[in-house]
Amino acid sequence: MEGLRLNLNALKPAAPKSDAVEATAKRKAKAKTAEPIEESWRKIFAMKLSDADRKRVTEVKAAMDAGKLARDPADCVNKAGNPKAFSKAEALRLWKTLQEAQREETLRQMVENTPNNYELITTEERFQALIDALNNEEIIAVDTETTGVDVYTDVIVGLSLTLPNADWHVYIPVEHVDCEQLSRAYVLEGLAPVFNDESIGKVLHNAIFDIAMLRRHGFDLKGVAWDTMTAMHLLNENESDRALGGAGSFKLKDLAPKYLKTPADTFDALFGRNAQFKEVPLDIALVYAAKDTELTWKLYEFQRYHMAKIPTILDYYQTVEIPLLYVIVDLEANGYILDLDFAKEYGEKLHKRAEELRKELVAELTPFHEGDEPINLNSTHQMRPALSKAIGKDLSNMDAKKTLKPLKDDYEIIAKLLEYKNIVKLSGTYIDTLPTKQNPTTERWHSRFNPMGTVTGRFSSGKDEEDKTQQGFNVQNQPPEARPMFGPPPGKLLVGADFKAQEIRCVAYLSGEPVLINAFLEERDPYATMASNFYKRPHEEVYKNADGSDTKERKKMKVAWLATLYGMSDYSLADMLGVGKKEATEFKEELFGSMPKLSAWLKENEEFVRKNGYVWADLNARKRRLPDAKLPRKNIPYGKWNDPKYDDARKHNSRINRALRQATNARVQGSSSIQTKVTMIKAHEYCANKPGWALWSTVHDELIFEVPEDFTWEEAQEIRDIMLNSYRWGDVVPNGTDIEVMRKWGEGVPVEEWFKNKEAV
DNA sequence: CATAACGGGCGC
DNA sequence: ATAGGCGCCCGTTATG
């Protein structure tokens, strides 16, 4: 019928058509010819694709080109019966089909090709043979399979071990479904003597997880000798950056293909995203789990060989990063207690005020807002034009600090908006959100501390990559308003100890600058000294406020000084100090002109990284690789600085400039992080010998302890000693520390005052 | 409806 | 000319 009607219509004289109708007809006519698939692929690959999507569509194309995969005929035409072009969405659907088919085949082949030296341990007899064999090993590889990544709630369902001397790789299921196996209690009891034996070294990938998991079941894993994940960070901190030739991540499954030339499928790819390992049939579980420890072992041998060629790094790794793993397990497990009443009360206060402000702001901005929906105050996209009109001034962005703050005294609406944004941030990220992250098992809050979370060696803090429970949070960026939510357990206090001017002391030491060194030897505060000079006000006026906190001026000087040191432009510096560009330039010249040795050191760092493509942290313990620093500069002719033709050249050169700025910063930040880590190990040892003591937290340049209420002055001096003497800047620059006592985080009194008050009572 | 990019903002 | 370093996380927007 369709065709007949069309034919009839075709006989009629063509009616005059409007342009729009004609355009639609053209589109329809065009759609009737199928777009060649090569053209579709070209379009898909020209799109902005995530790494994961790019990998997927590439796999699909390969399978289709090889004739292993074809389009679903149902997808080739649309509802009107016209040919439908091949799309990214369809490619991704095909990827799932491909995955499924490949998964089955891969699993079948894996089982078929199970190596002869892989063994499933399910009987007491074979388990005893394993224990006997373990006693002939100096070092083994260990891995646990679990129900999830919550180390306080999830359980171990199996363990794999690699015994290098015996050339034997085993998997011991302990809680798989529907199979004969040994019990977890029996297996862990049996392995305990080996796990407790420090003389038998253990190699793991991400040891923190397995140590914590075993501890959750009441067992220690002593003698960890190597962690292939953290070691990889030292050997190549850029590994997750594919643009720099990295494997894309620090996962074993990504490292194995790159360094061992062994393909390895991820858990998700083999079993699906939400699969439970305990439901995996044992023949498959064996070949997957035993391969994990075998790969870990091989990666260890590879890493060990390469790290041995840089003995300073090997020594640092073994004496600092390895012992630190145990410190972190304790730190994370100790966790936090939150004052939920405080959070609730404060949260309600914030909501009430936010709602008042929201109503007023919406009412005031609606006349300037285009669109049917009410204006969304959280949308910079909607707010920038509306607010610009409201104040009659074109705003280039909605940056609170740079754009809005300077206008807040002139426009009440901006002052209101700033208060509103402040509250939304505070309640949304901290006050309302943190209380939802309590761990159901321990009833405490546990954040993660990743000792290799940054390219420079600092800790990062947050949630686990695989965490589906959303319990993780960053303890290192809690604002002052949120800190009082955190407190010590009943009967205890918090004691905070920071490294006074840690990075600037580090600079003094690394550069050998006498002006700085002398300031520290004479116990002068360098920032207050600089602030006093700059603002032309007495030292004591710009040093500390009456309550002991830093003055605005000193804080500003601290940030400005460090920023300048790390290459901030005069333009930005002027912005930050709230002065003109000329004044900023003079400040900088005065600052560095008076310290020639420091200036020379900055230049040396640039020259070194330009020549070598990396820089060293203190004692050559760690490298920061900056390959961009070695790139040759591209020429931009004089007078062409704004020419879009040279955009690429500008981009290229700015990568080089960035690497040069990173060079000095990496040396300072990297060296300082080493100081903090070494000191943490000492602090942890100290706490281990004192009942009721624990390391509570760390925020880059400070350690916080949890101590009993009867904490003494002598103990405060021992903390001071730990801070001052665990890691010294070559005995050239002394360390400094301020110690304070807190009942709530962030509400501390100096330790001297604390004990003076105590005496008075 | 999921994922990723983006703008913005908190810490040292 | 460009315009401090190192992180993590939120809400919005773009995308298929």
Side-chain angles (χ1 to χ4, degrees), chain A residues 44 47-53 87-93 237 376-384 397-404 418 421-422 424-430 432-434 447-448 450 453-463 470 472-483 498-499 502-503 555 558-576 581 584 624 633 636-643 646-647 649-651 653-654 656-670 672-673 676 698-702 746:
Chain A
I44 291 169
M47 288 162 66
K48 232 188 215 173
L49 295 170
S50 67
D51 284 351
D53 280 355
S87 68
K88 176 190 162 193
E90 191 182 340
L92 291 178
R93 278 199 300 278
E237 74 280 6
N376 181 346
L377 302 182
N378 301 326
S379 162
T380 49
H381 199 73
Q382 295 174 28
M383 284 293 282
R384 195 174 65 82
N397 57 49
M398 294 292 286
D399 188 305
K401 272 202 182 71
K402 278 197 181 129
T403 309
L404 302 181
L418 284 172
K421 282 165 82 98
N422 212 325
V424 167
K425 173 73 178 176
L426 186 57
S427 63
T429 308
Y430 305 104
D432 293 345
T433 308
L434 251 47
S447 89
R448 290 292 330 272
N450 183 352
T454 71
V455 286
T456 53
R458 273 187 173 186
F459 280 96
S460 72
S461 166
K463 70 174 176 64
Q470 305 296 317
F473 59 95
N474 184 353
V475 260
Q476 300 191 131
N477 74 341
Q478 297 295 322
E481 295 90 335
R483 293 188 178 195
D498 71 344
F499 288 106
Q502 184 184 38
E503 290 198 351
K555 255 188 187 164
K558 192 173 174 177
V559 180
W561 196 88
L562 288 169
T564 313
L565 182 70
Y566 302 143
M568 185 189 253
S569 69
D570 296 3
Y571 179 96
S572 302
L573 182 66
D575 228 41
M576 175 175 282
K581 187 169 171 276
R624 173 76 181 108
R633 281 191 186 279
I636 301 170
Y638 183 83
K640 302 280 183 185
W641 291 331
N642 284 317
D643 192 337
Y646 294 96
D647 277 355
R650 265 194 296 279
K651 224 179 196 173
N653 288 348
S654 80
I656 300 169
N657 292 337
R658 182 177 146 84
L660 299 185
R661 287 196 301 270
Q662 285 169 305
T664 290
N665 179 272
R667 295 200 68 192
V668 179
Q669 205 180 99
S672 298
S673 74
T676 301
T698 174
V699 190
H700 307 307
D701 66 347
E702 70 174 317

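Note on naming: letters A, B, ... go to the chains in the order of the sequence lines (proteins, then strands), and numbering restarts at 1 for each one.
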Using a heavy-atom cut-off of 4.0 Å across all strands, would you classify A/Gln669 as base, sugar-phosphate, or nothing? base
Got a salt bridge between A/Glu503 and A/Arg458, using NZ or NE/NH1/NH2 to carboxylate O under 4.0 Å? yes
Is any side-chain N or O of A/Ser460 closer than 4.0 Å to OP1 or OP2 of C/dC6? no
Against the side chain of A/Asn477, the closest entry in C/dG7, B/dG8, B/dC12 is C/dG7
Using whole Å, what does the distance between atom P of nucleotide C/dG11 and atom NZ of A/Lys425 come to? 9 Å
In whole angstroms, the gap separating P of C/dA3 from CG of A/Asn657 amounts to 7 Å
Please determine if a side-chain N or O atom of A/Asn397 lies less than 4.0 Å away from the OP1 or OP2 oxygen of B/dG8. no
I need the CD-P distance between A/Glu481 and B/dC10, as an integer number of Å. 9 Å
Between C/dG5 and A/Arg661, is there an OP1 or OP2 to side-chain N/O distance shorter than 4.0 Å? yes
Can you name the closest pair of heavy atoms from A/Met383 and A/Met398 and give their distance? CB-CE, 3.8 Å
For a quick check under 3.5 Å, do A/Thr676 and A/Gln502 share a side-chain donor-acceptor pair by atom type? yes
Given side chains that start at C-beta, do those of A/Thr664 and A/Tyr566 come closer than 4.5 Å, heavy atoms only? yes
Looking across every strand, which nucleic acid part, if any, lies under 4.0 Å from A/Asp575 by heavy atom: base, sugar-phosphate, or nothing? nothing
Of the nucleotides B/dG11, C/dG4, C/dC10, which one has an atom closest to the side chain of A/Ala563? C/dG4
Listed nucleotide nearest any side-chain atom of A/Asn474, set C/dG11, B/dG8, C/dG7: C/dG7
So A/Val455, base contact, sugar-phosphate only, or nothing? Heavy-atom distance under 4.0 Å. sugar-phosphate
Need one value for A/Pro637: base, sugar-phosphate or nothing, where a base atom within 4.0 Å counts as base even if backbone is also close, heavy atoms only. nothing
Of A/Arg650 and A/Gly428, whose nearest nucleotide on DNA chain C comes first from the 5' end? A/Arg650
Roughly how many Å is it from CG in A/Asn422 to P in B/dG9, rounded to a whole number? 10 Å
Below the 4.0 Å mark, does C/dG4 have OP1 or OP2 next to a side-chain nitrogen or oxygen of A/Ser569? yes
For A/Arg658, answer base if it contacts any base atom (sugar-phosphate contacts may also be present), sugar-phosphate if it contacts only those atoms, and nothing otherwise; contact means non-hydrogen atoms under 4.0 Å. sugar-phosphate
Side chain of A/Thr380 - closest among C/dC6, B/dG8, B/dC10: B/dG8
Checking C/dT12, C/dG4, B/dG11 against the side chain of A/Ser379 (C-beta onward), the nearest is C/dT12
Once you apply a heavy-atom cut-off of 4.0 Å, does A/Ser461 come out as touching a base, just sugar-phosphate, or nothing? sugar-phosphate
Does OP1 or OP2 of C/dG4 have a side-chain N or O of A/Gln662 closer than 4.0 Å? no
Value in whole Å for how far the C1' atom of B/dC12 lies from CG of A/Leu562: 10 Å
Contact class for A/Gln382 (heavy atom, under 4.0 Å): base, sugar-phosphate, or nothing? sugar-phosphate
To the nearest 0.5 Å, tell me how far A/Ser569 OG sits from A/Asn657 CG. 11.5 Å
Donor-acceptor pair, side chain of A/Gln478 and main chain of A/Arg483, under 3.5 angstrom: no
Could you tell me whether A/Arg667 contacts a base, only the sugar-phosphate backbone, or nothing, with contacts defined as non-hydrogen atoms closer than 4.0 Å? nothing
Between CG of A/Leu434 and C1' of C/dC8 the distance, given in whole Å, is 13 Å
C/dA3 P sits how many Å from A/Asn653 CG, rounded? 11 Å
Checking all strands, does A/Ala482 fall into the base, sugar-phosphate, or nothing category for heavy-atom contacts under 4.0 angstrom? nothing
Side chain of A/Tyr430 - closest among B/dC12, B/dC10, C/dT13: B/dC10
